[in-house]
Amino acid sequence: FMHRNKGYTLFELVLVMAIISVLFTLATVSFLPLQSKVDNKKMIESIIQHVAYAQELALTENKYSFLISDPVNQTYKLLVRDPLTGGLRRGSLWYENSIVDEDIDISNYTETLSFGDSDTIIFNPWGLLDSSDDIIIETDENKLIVSGVTGNVSIQN
């Protein structure tokens, strides 16, 4: 009598691959909303780090540092001013795994961005906020509070 080779037919392999593809597609689609939350969290953490960096820069270089937002374009930038000469220069920020000297564009993550009433956060050469009032950084889903004088940042949902 004939011995049949043990193995799977082409039809069985194609059927299993089709089932795995459908399951993978369903899993990927179900995680997409979570990705937007991850991206939003990365953006918020980046802003917090940049506020802290602006404060450190002012303190270590004994200069004024400015984080200035552009609410229309959802961007912000860092400027540094020497108190003796008054000259302004653009500061570099670490963003998305590279050091950039241009405006930080977060329009992919938020439609709302403001840095308080004047859209500017100023740290003096002692690393303190130039204003004693709290500055509220607003995005679509979060409010960050930069505490007056100390510059400590906290998140309010």
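Distance CD/Glu56 to CZ/Phe123: 10.0 Å, rounded to 0.5 Å. Taken to the nearest 0.5 Å, the CG atom of Asp39 stands 12.0 Å off from the OG1 atom of Thr110. Once rounded to the nearest 0.5 Å, the distance linking CG of Asn108 with CE of Met43 reads 10.5 Å. Between the OG atom of Ser118 and the CD1 atom of Ile68 there is a distance of 9.0 Å, given to the nearest 0.5 Å. Taking CG from Asn142 and CD1 from Ile136, the interatomic distance works out to 13.0 Å, rounded to the nearest 0.5 Å. Rounding to the nearest 0.5 Å gives a distance of 6.5 Å between CG of Leu129 and OG of Ser131.
With hydrogens and angles disregarded, no donor-acceptor distance shorter than 3.5 Å links the side chain of Gln49 to the backbone of Ser46. Not one N or O on the side chain of Asn73 forms a donor-acceptor pair closer than 3.5 Å with the backbone of Thr75.
A 4.5 Å side-chain heavy-atom check between Lys63 and Pro125 finds every atom pair outside the cut-off. In this structure, Ile20 and Val16 have side chains that are in contact, with non-hydrogen atoms separated by less than 4.5 Å.
If you run side chain to side chain contact (heavy atoms under 4.5 Å, CB included) between Ile47 and each of Val146, Ile104, Leu113, only Leu113 comes through.
Residues Trp94 and Ile99 share a closest heavy-atom pair of CE3-CG1, 3.2 Å. The minimum heavy-atom distance linking Thr120 with Phe66 is given by the pair CG2-CD2, 4.1 Å.
With sequence neighbours excluded, the residues that form a ring pair (Phe, Tyr, Trp, His ring centres under 6.0 Å) with Phe115 are Tyr76.
By the neighbour-count criterion of 12 heavy atoms within 6.0 Å, atom CG of Asp117 is sparsely surrounded, having that number or fewer from other residues, nucleotides or ligands. Heavy atoms of other residues, nucleotides or ligands lying less than 6.0 angstrom from CD of Glu111 number 12 at most.
When only modelled atom types and interatomic distance are considered, Asp140 and Thr112 share a side-chain donor-acceptor pair under 3.5 Å. Side chain to side chain, Asp134 and Ser147 fail the donor-acceptor criterion of an N or O pair below 3.5 Å. If you check the side chains of Asn152 and Thr150, you find no donor sitting under 3.5 Å from an acceptor.
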Distance-only donor-acceptor pairs under 3.5 Å for side chains of residues 78-87, two or more places apart:
unit_1 : atom_1 : unit_2 : atom_2 : d
Asp82  : OD1    : Leu84  : N      : 2.8
Thr85  : OG1    : Gly87  : N      : 3.2

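Sorted by first and then second residue, the pairs that involve residues 85-94 and meet salt bridge (charged side-chain N to carboxylate O under 4.0 Å, His left out), not counting sequence neighbours, are Glu61-Arg89, Arg90-Asp103.
Hydrophobic clustering places Ile48 together with Ile106 (ILVMFWY residues linked when any side-chain heavy atoms are closer than 4.5 Å, directly or through intermediates).
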Is there a side chain to side chain contact (heavy atoms under 4.5 Å, CB included) between Leu144 and Val51 once you walk through the steps?
CA-CA 11 Å; Leu144 304 171; Val51 170; over 6 Å; no
